[in-house]
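Here is the structure we will look at, set down as structure tokens.
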Amino acid sequence: MAQNAIDKSVDTFPKFLLVNARERGQRPAIREKDLGIWQTWTWAQVKDEVKALALGLKELGVERGDKVAIIGSNKPRLYWSMCATQSIGGVPVPVYQDAVAEEMVFVLQHAGAKIAIVENQEQVDKVLSMSDRLPSISHVIYDEPRGLRDYDHTRLKWLNEVQKIGRKAAESKYSGDAWEKMIAEGKGSDIAVILYTSGTTGNPKGVMLTYDSVVISSQNANAFDRLTEKEEVIAYLPMAWVGDHIFSYAQSYVAGYTVNCPESPETIIEDRREIGTSYAFAPPRVYENLLTLTMVRMEDAGRFKRGMFHYFLNHARRWGEKILNKEPVPLGARLIYWLGELLVYGPMKNRYGFTNVRVAYTAGEAIGPEIFRYYRSLGINLKQLYGQTEAAVYITAQPDGEIYADTVGKPSPDVEIKIEPSGEVLFRSPGVFAGYYKDPEKTAETKTPDGWVKSGDAGFFDPKTGHLKIIDRAKDVGKLNDGTLFAPKYIENKLKFYPNIKEAVALGSSRDFVTVMLNIDLVSVGSWAERNNVIYGSYQELAAHPRVYQMLAEHVDEVNKSLSEEGPMAGAQIKRFLILHKELDADDGELTRTQKVRRGFIAERYGPLAEGLYSGAKEVDITTELTFEDGRKGTVSARVKIQDMKTHPPAAAPMDKAA
């Protein structure tokens, strides 16, 4: 890693591939689990695979500057497609594989993709269904041939066939070191990738990242956490998301570590366990779901096992983080913790696949302090970072030994941060994006001439720790009619810290008081229903159950108590809430593809419910359109109950001490 970091001439990922094939050719570069068996490719083998695919793409007409769309889940050949495209001067454009055809067509049209490389029949069908609107796409290349034998192959090609074309070209037209010369033409200032934002407020924007921005960010991140070629990483997050692009591709090529592709989303935990992941990343939702499943299972465990679990967990809460941080701990407490490691903590970490984890990160949303401390108390070095696509991820990160549940860390290496008088966070770094593709106006709005990028987030530096705290999206921070500060995301995150609440949408800006719409977590609440003999036949029926309302009312009351102690937020307590009759879904436009709530869209879509929350109504009838997985539309109707809440008298307490 050190040699790569020093050699300034190695400034693109295809160049890193050549270095890795030469210096660590026999080390595993990537694995894939197929039919229960791990298939492994070394760096030398990956080089050969990428070369064949690159020359095949060249033969199909891909030229320098052309855009190649990559659509699918985490598969070796799709990662190779990125490097193959880059090696001949093309620009890969990863697309969210779960996007419906209508969403996908915007990205493919906007990018002007010349070729689409897709995973399987499902993605082929999506692209072909809108082919009349995608005249720029000359070929669709697929990885898995299952179900595609009888399709018209005029524009379709199997990836193996493209590689075969490339291998023939390598023996004639591009013999010798012709491909290596193409790679040498690439330079750090070239566009490495276009990543489309999740489109929280409208159509996605194409973020252009140069090799310099991604390579330097990756080198700094690897040095910050002392990552080497020996790391094992599992790739399971969307390839179109900047986090996966950095963790599963860029940092891997720079450090030379191994990336592992799971067999399916359902086997991720088991696959992570088998591999022994050492460097892990997951959004808060993943950690929350693991903890929810753990608590649900322990409720069903025998009395002795449940008692032992809670005894050692309480001990870990008191001493675990101190032991992890190498702080002084009494010998007796260490001995009990050691016993807990044998009986509870070790088996739990093994169950999660975290036994070998040296560094684990979470980002994207706030994580509940209790959830965060739970993992750290087990001895897992879980840290928080703050990043954006426009920064090639890294803006702040928590150094080892400086871990706080309510901060996102200090500025990452080479990153400058300043806070505007409005409270908005601005950053400048080598990782800053080149601009938004085909959108100079938005680029100028976001990026100043001297390189500062407006994050769109409101935050402040904690004077005690020097760490950054993020409050909310700057545009979402508003005020109630009486002038009380209203930070919806801050309230929503407090609610989502409860395992029973999956999503929350807070309303209140320019209103007299705060209200919320909630989604229950079907796994957690469903398990509670089974244990408490609550009979239900659907999500809608369970969400409307009086005892579920009673349970969530207790959670809302606890959040109100917490807000009452937070000075500026004390007047933003929740006065009314309802439980939505359907789960918020990205296919319905209610969430982004990275599972962020599109608050404005929801307020408009559920207008009758929002009106009912503020009109004093006790229940509201609503009919909502929904989208099925195959793209068909349907409707769901319900009578949604609205519940009133009591608020608590304010108690003076500074906001930065809030959990």
**Message:** Can you confirm if the NZ or CZ of K447 lies within 45° of the ring axis of F433 and under 6.0 Å from the centre of its six-membered ring?
**Reply:** yes
**Asked** Can we call the ring centroids of H467 and Y386 under 6.0 Å apart?
**Response** no
**Prompt:** So, E266 versus S264: side-chain donor-acceptor pair below 3.5 Å or not?
**Reply:** yes
**Request:** Establish, from distance only, whether the side-chain atoms of T446 and K454 form a donor-acceptor pair under 3.5 Å.
**Result:** no
**Request:** Check step by step if ring-ring contact (aromatic ring centres under 6.0 Å, His included) holds for W158 and Y151.
**Result:** CA-CA 12 Å; W158 186 21; Y151 278 52; over 10 Å; no
**Message:** Is it the case that the ring center of F247 lies less than 6.0 angstrom away from the ring center of Y279?
**Reply:** yes
**Request:** Using distance alone, with no hydrogens and no angle criterion, decide if S248 and D244 have a side-chain donor and acceptor under 3.5 Å apart.
**Result:** yes
**Request:** Please check if any side-chain donor atom of E390 sits under 3.5 Å from a side-chain acceptor atom of Y436, or the reverse.
**Result:** yes
**Message:** Pairing donors with acceptors under 3.5 angstrom, does anything connect the side chains of E119 and S73?
**Reply:** yes
**Request:** Assess whether atom NZ of K438 is packed by more than 12 heavy atoms of other residues, nucleotides or ligands within 6.0 Å.
**Result:** yes
**Message:** Any donor-acceptor pair under 3.5 Å linking the side-chain atoms of Q163 with those of E49?
**Reply:** yes
**Message:** Check whether D66 reaches the backbone of E63 with its side chain - one donor and one acceptor, N or O, closer than 3.5 Å.
**Reply:** yes
**Asked** Does a donor on one side chain and an acceptor on the other come within less than 3.5 Å for D450 and T448?
**Response** yes
**Prompt:** Is the NZ or CZ atom of K418 positioned over W452's six-membered ring, under 6.0 angstrom from the centre and within 45° of the axis?
**Reply:** yes
**Request:** Measure from the ring center of Y257 to the ring center of W43 and say whether it is less than 6.0 Å.
**Result:** no
**Prompt:** Would you say the side-chain atoms of D225 and Y361 include a donor-acceptor pair closer than 3.5 Å?
**Reply:** yes
**Request:** Go through the steps to decide whether W41 and Y79 satisfy the test ring-ring contact (aromatic ring centres under 6.0 Å, His included), and finish with yes or no.
**Result:** CA-CA 13 Å; W41 290 266; Y79 285 112; over 10 Å; no
**Request:** Please say whether more than 12 non-hydrogen atoms of neighbouring residues, nucleotides or ligands are located less than 6.0 Å from NZ in K489.
**Result:** yes
**Asked** Between R598 and F601, is NZ or CZ placed under 6.0 angstrom from the six-membered ring centre and within 45° of the ring axis?
**Response** yes
